[in-house]
Protein chains: 2
Amino acid sequence: MKLDSRKLQILQAIINDYIITAEPVGSRTVARKYELGISSATIRNEMSDLEEMGFLEQPHTSAGRVPSDKAYRLYVDRLMQVKSLGEQEADYIKEFYEHKILQLEQIIFTTAKVLSDITNYTSIAIAPQLSRVTIGHIQLVPVDREFALLVIVTSSGILKDTLIQIPQGINGDFLNKVSGILTEHFQNKTFSEIDMVDLSAIKREFLENQKFFNSLVDVLTDSFRRSQKQEVYLGGTTNIFNFPEYQDILRARSFLNLLEEKDLLYQILASPQDEGVKVSIGTENLQEELRDCSIVTATYSLGNRVLGTIGVIGPTRMEYSRAVSVMDYMGKALSRYLTQLYGA
Amino acid sequence: MKLDSRKLQILQAIINDYIITAEPVGSRTVARKYELGISSATIRNEMSDLEEMGFLEQPHTSAGRVPSDKAYRLYVDRLMQVKSLGEQEADYIKEFYEHKILQLEQIIFTTAKVLSDITNYTSIAIAPQLSRVTIGHIQLVPVDREFALLVIVTSSGILKDTLIQIPQGINGDFLNKVSGILTEHFQNKTFSEIDMVDLSAIKREFLENQKFFNSLVDVLTDSFRRSQKQEVYLGGTTNIFNFPEYQDILRARSFLNLLEEKDLLYQILASPQDEGVKVSIGTENLQEELRDCSIVTATYSLGNRVLGTIGVIGPTRMEYSRAVSVMDYMGKALSRYLTQLYGA
DNA sequence: TGTTAGCACTCTCTTATAATGAGTGCTAAA
DNA sequence: TTTAGCACTCATTATAAGAGAGTGCTAACA
């Protein structure tokens with residue numbers, strides 16, 4: 001069977017209607033609301049065809065039709081018109097990036113908040129994936145006689161810090177010296193390359209403090225390992241209650257449980273992906289828990305290096321055109337802001 | 001009317017039953033399940049009295065009775081027996097504090113998780129309130145030619161770091177010198193005392209870099225101001241769905257919305273309070289949003305200085321005795337751990 | 001005088017049944 | 001090929017009837 005232009009028109013009408021109403025769409029509704037110049041009976045026939053082709057589904061015999069994931073995919077790829085963001089909304093976003101926030105985590109967190117505010121969906125964002133970033137500088141900062149702070153500064157200004165215990169009788173100058181040694185050996189390595197650093201070479205420089213050296217290496221490795229597991233930021237978690245499909249307490253609960261599984265969310269966002277906006281619809285998601293959600297994600301970059309991903313998550317009946325335009329704008333705005341802050 | 005021992009017995013039976021079943025308790029149930037040696041008719045009379053005295057409420061004429069907030073208060077103050085924590089649970093908690101976590105935020109976060117795990121309520125925790133803590137050390141760590149990291153280390157090992165822009169042509173040695181100057185002037189001040197620092201005295205030491213000095217002061221003040229607004233950590237946010245009183249989507253929603261209001265939660269936890277466990281029941285809470293919840297909080301300390309608060313929040317029909325014993329144990333365990341880590 | 005059995009009454013919750021209405025698929029005519 | 005007409009399906013809503021839990025009151029009892 002061929003998907004002629006009339007079928008497409010009808011499909012589009014049904015999708016549009018369903019996105020707005022969340023109610024199964026009947027032939028009469030299509031005939032009345034979307035004046036296609038054909039009768040409901042004709043539409044009925046076409047709808048029957050569309051169902052056979054897998055674009056529509058019927059909750060039960062005497063209900064209207066609901067778009068399938070396949071239909072949404074077609075819609076996203078061919079049918080929808082992505083309008084660029086309205087001026088008001090663009091201004092709203094810009095405003096947030098004008099209060100020079102300098103802490104990266106704060107930036108990402110704010111981005112998530114803004115996203116959920118303007119889309120009314122739940123938003124997710126991950127901080128830069130350090131594996132793609134190089135180490136710039138390592139510095140031990142004395143805290144008191146017993147502790148020092150190990151600060152790792154990366155090429156994109158992102159840092160991790162850990163408190164470590166230092167042996168007695170070590171002074172600030174010595175810590176500076178150690179910092180120098182570590183920096184020298186780790187500088188310009190990416191986080192995934194650190195295994196290649198020749199530890200024995202560093203070891204030789206720690207003449208008498210072998211024990212301290214060992215604990216330092218432990219902390220460093222641990223810090224590197226832990227840094228792989230990045231923080232996930234959420235915005236508008238309770239927005240899900242706005243959607244009629246989540247009035248059911250069980251569904252709402254399982255959605256919110258999903259949001260608590262930070263590891264899973266991280267996996268979803270961190271999966272290697274090309275630059276730009278990506279839409280993942282319902283069953284297209286690999287994760288069982290997401291089979292009736294859609295996710296629209298966008299990457300953000302520093303210069304031309306992709307650093308991380310932001311996204312919104314909602315029911316498959318999502319306002320894709322709007323979501324895509326917001327995500328597109330937001331990804332670019334964030335990249336621009338980061339590049340401006342930290343340089344390319 | 002007098003609250004004689006029989007009335008207390010009946011009230012206790014009703015509260016116990018209601019805490020378990022969440023169903024209004026009838027006179028027959030009390031007579032059958034709690035063998036008090038009196039008939040349901042007598043109990044009925046007593047219940048009628050208890051209602052008149054404000055300890056019981058009736059959802060509707062032909063339903064059983066439900067304890068009022070006043071009854072819970074009486075229960076908490078006089079009736080309930082707080083058993084000390086079971087060995088298993090105590091071990092479970094101890095285990096978490098055995099993996100030497102050194103980052104304070106991580107500790108508090110983990111504490112919240114453990115709390116919600118073992119109580120099945122939603123838990124809240126706030127990180128130490130810095131206003132009660134003194135500044136130990138200020139250090140500028142170079143990041144690249146353009147940026148440096150300003151690290152503030154406090155007496156309890158807690159730190160705040162901010163990225164700041166540095167003027168061109170400034171090297172590491174100079175940053176070290178600046179760090180020294182700042183440390184010298186701010187050391188041993190509490191965060192609320194920083195206004196008393198004589199800025200002009202420092203200014204004199206920055207001979208040629210007045211502009212840098214100004215931006216430094218800006219960042220410092222900002223950082224101090226921001227540090228007043230502490231992070232709130234949550235655990236088990238979806239636990240609320242376990243309770244029949246939150247099967248209603250509207251109630252669940254408003255509860256979850258409450259949890260998103262970090263400022264409000266902070267306010268609740270940060271309100272000055274004595275050391276130890278505190279129970280706040282339903283309408284006793286000042287916040288409108290909490291009028292049908294109860295909160296059990298405990299403080300944690302470093303040495304003998306109260307640093308912050310942890311708590312669990314649930315329906316007024318809460319297992320107070322258990323909640324109190326868990327919170328008591330947890331607050332002490334956390335204090336002990338912190339003291340061990342950072343000294344008194 | 002306090003306690004208890006008995007009973008009518010109230011009110012919610014459950015279940016059964018009927019009515020409504022949106023929507024479909026099929027048929028036959030245009 | 002399109003469309004009007006109509007019988008049929010099925011979820012949803014409305015209505016009614018019971019069932020059940022619990023109370024308050026009364027009167028008898030120790």
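What you see is a predicted model, and the numbers here were worked out from it, not measured in a lab. Every chain is numbered from 1 and lettered A, B, ... according to where its sequence line falls, protein lines coming before strand lines.
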Next on the checklist: Pair Lys113(B), Asp117(B) - check salt bridge (Lys or Arg N to Asp or Glu O under 4.0 Å), show working.
Outcome noted: CA-CA 6 Å; Lys113(B) 279 277 170 267; Asp117(B) 271 4; over 6 Å; no
Next on the checklist: Using whole Å, what does the distance between atom P of nucleotide dT4(C) and atom CD of Glu46(B) come to?
Outcome noted: 11 Å
Checklist entry - Between Tyr121(B) and Phe243(B), does the ring centroid distance fall short of 6.0 Å? => result yes
Checklist entry - Rounded to whole angstrom units, what separation is found between the CE atom of Met47(B) and the C1' atom of dG22(D)? => result 9 Å
Checklist entry - Tell me: CZ of Arg44(A) to P of dA7(D), nearest whole Å? => result 15 Å
Checklist entry - Does Leu290(A) reach the side chain of Ile313(A), with side-chain heavy atoms less than 4.5 Å apart? => result yes
Checklist entry - Would you call Glu51(B) and Arg65(B) a salt bridge, using N to O less than 4.0 angstrom? => result yes
Next on the checklist: Whether Arg251(A) and Glu245(A) form a salt bridge (side-chain N of Lys/Arg under 4.0 Å from carboxylate O of Asp/Glu) is what I want to check.
Outcome noted: no
Under 3.5 Å, which donor-acceptor pairs do the side chains of residues 79-90 of chain B form with other protein atoms, sequence neighbours left out?
residue	atom	partner	partner atom	Å
Glu89(B)	OE1	Arg322(B)	NH1	3.2
Glu89(B)	OE2	Arg322(B)	NH1	2.7
Glu89(B)	OE2	Arg322(B)	NH2	3.1

Checklist outcome for this item: Regarding the side chain of Arg65(B), the nearest nucleotide among dT24(C), dT2(D), dT23(D) is dT23(D)
Checklist outcome for this item: Per the under-4.0 Å heavy-atom filter, residues of residues 49-58 of chain A near DNA chain D come out as none
Checklist entry - Taking C-beta and beyond as the side chain, do Tyr233(B) and Ile126(B) meet within less than 4.5 Å on heavy atoms? => result no
Checklist entry - So do Thr237(B) and Leu234(B) actually touch side chain to side chain, heavy atoms under 4.5 Å? => result yes
Checklist entry - How about Tyr246(A) and Phe241(A): are their ring centroids closer than 6.0 Å? => result no
Checklist entry - Of all of residues 12-24 of chain B, which get a heavy atom below 4.0 angstrom from DNA chain D, listed by number? => result none
Pairwise N/O distances under 3.5 Å, protein to nucleotides 27-30 of chain C:
none

Next on the checklist: For Asp69(B) and Arg291(B): C-alpha separation, side-chain torsions, deciding distance, then whether salt bridge (Lys or Arg N to Asp or Glu O under 4.0 Å) applies.
Outcome noted: CA-CA 10 Å; Asp69(B) 290 352; Arg291(B) 74 187 178 294; over 6 Å; no
Checklist entry - Does the Asp77(A) side chain pair with the main chain of Leu74(A), one donor and one acceptor, at a distance under 3.5 Å? => result no
Next on the checklist: Is any side-chain heavy atom of Val277(A) closer than 4.5 Å to one of Thr297(A)?
Outcome noted: no
Checklist entry - Using a heavy-atom distance cut-off of less than 4.0 Å, which residues of residues 25-43 of chain B contact DNA chain C? => result Ile38(B), Ser39(B), Ala41(B), Thr42(B)
Contact list (N/O, under 3.5 angstrom) for nucleotides 8-10 of chain D vs protein:
residue	atom	partner	partner atom	Å
dT9(D)	O2	Ser62(A)	OG	3.1
dC10(D)	OP1	Thr61(A)	OG1	3.3
dC10(D)	O4'	Ser62(A)	OG	3.3
dC10(D)	O2	Ser62(A)	OG	3.2

Checklist entry - Do Leu56(B) and Leu11(B) come within less than 4.5 Å of each other through their side chains, counting heavy atoms only? => result yes
Checklist entry - Are side-chain N/O atoms of Tyr320(A) and Ser294(A) paired as donor and acceptor at under 3.5 Å? => result yes
Item to check | Thr42(A) side-chain N/O to Ile38(A) backbone N/O, donor-acceptor pair under 3.5 Å | outcome: no
